[in-house]
Amino acid sequence: MSGERILVNGNHAAAYGVRLARPMVVPVYPITPQTPIVEKISEFQAEGQMEVELVTAESEHSAMSACITASLTGVRVFTATASQGLMLMHEMLHYASGARAPIVMVNVNRTIGSPWGFWPDQTDSLAQRDTGWIQYYCESGQESLDTILQAFRVAEKVLLPAMVVHEAFYVSHSLEVVEVPAQELADQFLPPFTPPHRLDPEIKESWGNTVNQDMFYRHRKTLGEAMDNALAAAKEADADYRALVGRGYGIIEEYRCDNPEIIIATMGSMTGTAREAVDELRAEGLAVGLLKVKLFRPFPLKDVRRALTGVPKVVVLDRNFAPGTGGFLHQEMKAALYGMSDGPEVHGYLAGVGGTNIPPAKIKDMVREALAEKAAAEPVWKG
Amino acid sequence: MLEEIKSLRKAPEEEYYVPGHRTCAGCGPALQYRLVAKAAGPNTIFLGPTGCMYVANTSYGCGPWAVPWIHAQITNGGAVASGIEAAYKAMIRKHKTDAEFPNIIVMAGDGGSADIGLQALSAAFYRGHNILFIAYDNESYANTGIQTSPTTPYGAWTTFSPAGPVIPEGKKLMPKDLPKMMAHGHPELKYLATASLAYPLDLMNKVRRGLNAQGPSFLYVHAPCPKGWSFPADKTVEMGKLAVETGMFQLYELNEGQYKLTYQPKEIKPVEEYIKLQGRFSHLQPEHIQKLQQFANGRLKEVGIEVSVPAQ
């Protein structure tokens, strides 16, 4: 049962993924560069290709609020946002995971003001890493399409919301050939969402009572267990998807990591560029590999440690920046690798912050620099 | 369709807002909640934006609702209701449920409706969701300990508007008129009314008319607060009646665009008779009381009641 091959941009590819998932409610609010996703969903609805309640919310805060209660009423829910919109949702992101609402949302990474910009930079979604959302970082429209279906399956299994992330313009507005799986396969992969607990006068359950300290503690611990379970669920969903559709990504990807001197670790669109740099350096005789961190929350700690065991050096490239500490992935990698006797030396580069261009040649320079020097404790700025 | 209740004696005996809460003695908002739930009946989902009727009602494991209830943020009652309504619409259209469309009722305070919740409320009414949004007005942010809200009357003491030598009247601003705002500029609005806990039959029937309207309906309920207004706990109903009898609050409805005054006091009393019973106004000088009389007279004129107490 082969799918249809179409030429679309990354955002429209995501919209096709959403159509395959058959959500029943989609609250929307426009924001650049996410808007084409919900524009396409609106077109699908108008053309009769998707039967969905579109709620044109007056803000992202309200869009997320409507997502949460629609989900708790027992239907599959999707929305999309970016940058300032994600910032406005912040309160409700915590609420969504606390209420255990398995919403799937696409966030298109864009710089956060001030100063104002529209450029690819992952700081918006990475700054939400502690909100209790599963987070996937994708490098292409095809990957976003496939990952949306996987994210629904994982979210609905562990009852946590999931964010599928790709970057402004590099992915969101670039045209690529995308294979849209047949609806029958998607339906087979993603059964209808029928939660036993829901807002229903027949069931008479309530949500959101105030709790005492012990209940809060238990609740957070349970949420943590759900997040831990999301790791295995994500692996299983990816394996099943690969078996059914013929494409899979893993929660991390190791590219040409056979016996490497150094590994480049990164996320999102930068992985495509890094793959080019790895090929060129390998052709030049340097033993370089690439570690793509696709699933960022829950962080695939054991998989990352295994992939980097015995590797002398790792170069972490962050297209994001947390003032006062550095790149998000750099922080996470240092924490993940701490205490390993045979772990790598960690070099952190702030590469592409604010959407500045990082071509393969720059990545090759950073690899050579890291090979020649000892790692600094602080991140190093590279435009 | 929910039938009109002919008399208090004929009101349903079943309660859906039952013991299990810890509101103050004489709590006006809790009293009107009970009447609303009784009128709405079992096929109901309540939403509670943060406020008194959230916090005082939701000790874990002993909420007072015999129907489903969900917390909303103080900002987003309208949006939270929209999500539930959209989900039911989708499920019913796609035959995913045999259920009858439920009554979706938001129970928001004056902060969660007239102030921080206004944006989401207006948007939900613009979109035309089939919900009943109730703003119970106890005229302050009472849950956090009596701070001024946009509906706090001129001259009232709150912890954010204390009276002192520099500001002798306490609150200096005139209150926002939320039902007036909601009545205009929302083309999908089906039903709007003001009500008071002191007129329970009228209140319950307005709840039913709002729910029968099958579209966005707005009910603004005056709910005196013994703690915030500083009056004895057994005077809540009396305070509600005096508010209407002095012209500080008016009872009317707007049904499919048709305006109707639903109660007209036989005789309008001076506002002083209302405010002298409340500690929050105890610091007022005669010139401040005159300003309140002017305010009441202005509101009375607006709704079509003859002004009989002159203001100086």
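Values below: all heavy atoms of this structure, side chains included; hydrogens, waters and symmetry mates excluded.
- Checked by atom type, the side-chain pair A:D187/A:Q183 shows a donor-acceptor distance below 3.5 Å.
- Ranking B:W69, B:Y54, B:W65 against chain A, the residue ahead of the rest is B:W69, based on heavy-atom pairs under 4.5 Å.
- A 6.0 Å sphere centred on CG of A:D130 holds more than 12 heavy atoms belonging to other residues, nucleotides or ligands.
- Contacts between A:E205 and chain B at a heavy-atom distance below 4.5 Å involve the backbone alone (N, CA, C, O).
- Residue contact with chain A, scored on non-hydrogen atoms closer than 4.5 Å, involves the side chain of B:Q73 exclusively.
- For A:M24, the parts lying near chain B are the backbone and the side chain together; criterion is any non-hydrogen pair under 4.5 Å.
- Only the backbone of B:A66 has a heavy atom closer than 4.5 Å to any heavy atom of chain A.
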Walk me through it: do A:F189 and A:Y241 pass the test ring-ring contact (aromatic ring centres under 6.0 Å, His included)? CA-CA 7 Å; A:F189 177 74; A:Y241 192 83; 5.1 Å; yes
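- Taking OG from B:S217 and CE from B:M182, the interatomic distance works out to 10.5 Å, rounded to the nearest 0.5 Å.
- Other residues, nucleotides and ligands place no more than 12 heavy atoms under 6.0 Å from the NZ atom of B:K180.
- When each of B:L132, B:I131, B:N130, B:L211 is paired with B:I104, the side-chain contact (heavy atoms from CB on, under 4.5 Å) condition holds for B:I131 and for no other.
- With a threshold of 4.5 angstrom between heavy atoms, B:F46 does not approach chain A through any atom at all.
- Heavy-atom contacts from other residues, nucleotides or ligands closer than 6.0 Å to NZ of B:K176 number more than 12.
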Steps toward side chain to side chain contact (heavy atoms under 4.5 Å, CB included) verdict (A:I103, A:W133): CA-CA 9 Å; A:I103 302 153; A:W133 282 61; 4.2 Å; yes
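- Of the listed residues (A:S206, A:A63, A:P27), the greatest number of heavy-atom pairs within a distance under 4.5 Å of chain B belongs to A:S206.
- For the set A:N212, A:L199, A:V55, the count of heavy-atom pairs under 4.5 angstrom toward chain B peaks at A:L199.
- Against chain B, no residue from residues 32-48 of chain A qualifies, as none has a non-hydrogen atom under 4.5 angstrom away.
- For B:Y17 and B:H21, the distance between ring centers is under 6.0 angstrom.
- Around atom CD of A:E202, no more than 12 heavy atoms belonging to other residues, nucleotides or ligands sit under 6.0 Å away.
- Counted within 6.0 Å of CZ on B:R22, heavy atoms from surrounding residues, nucleotides or ligands total more than 12; the atom is thus considered enclosed.
- Of all residues spanning residues 68-97 of chain A, those with a heavy atom less than 4.5 Å away from chain B's heavy atoms are A:T69, A:A70, A:L72, A:T73, A:V75, A:E91, A:M92, A:Y95, arranged by number.
- Within the 3.5 Å criterion, the main-chain N or O of B:G63 finds no donor-acceptor partner in the side chain of B:N57.
- Residue contact with chain B, scored on non-hydrogen atoms closer than 4.5 Å, involves the side chain of A:V25 exclusively.
- Ranked by heavy-atom pairs under 4.5 Å with chain A, the first of B:T44, B:N76, B:T97, B:T75 is B:N76.
- Looking at B:A120, the atoms closer than 4.5 Å to chain A (heavy atoms on both sides) sit in the backbone and in the side chain alike.
- Atom CZ of B:F101 is surrounded by more than 12 heavy atoms from other residues, nucleotides or ligands within 6.0 Å.
- Residue contact with chain A, scored on non-hydrogen atoms closer than 4.5 Å, is absent for B:S122.
- The six-membered or imidazole ring of B:Y191 lies away from that of B:F218, with a centre-to-centre distance of 6.0 Å or more.
- Counting non-hydrogen atoms of neighbouring residues, nucleotides and ligands closer than 6.0 angstrom, the CZ atom of B:R34 reaches no more than 12 such neighbours.
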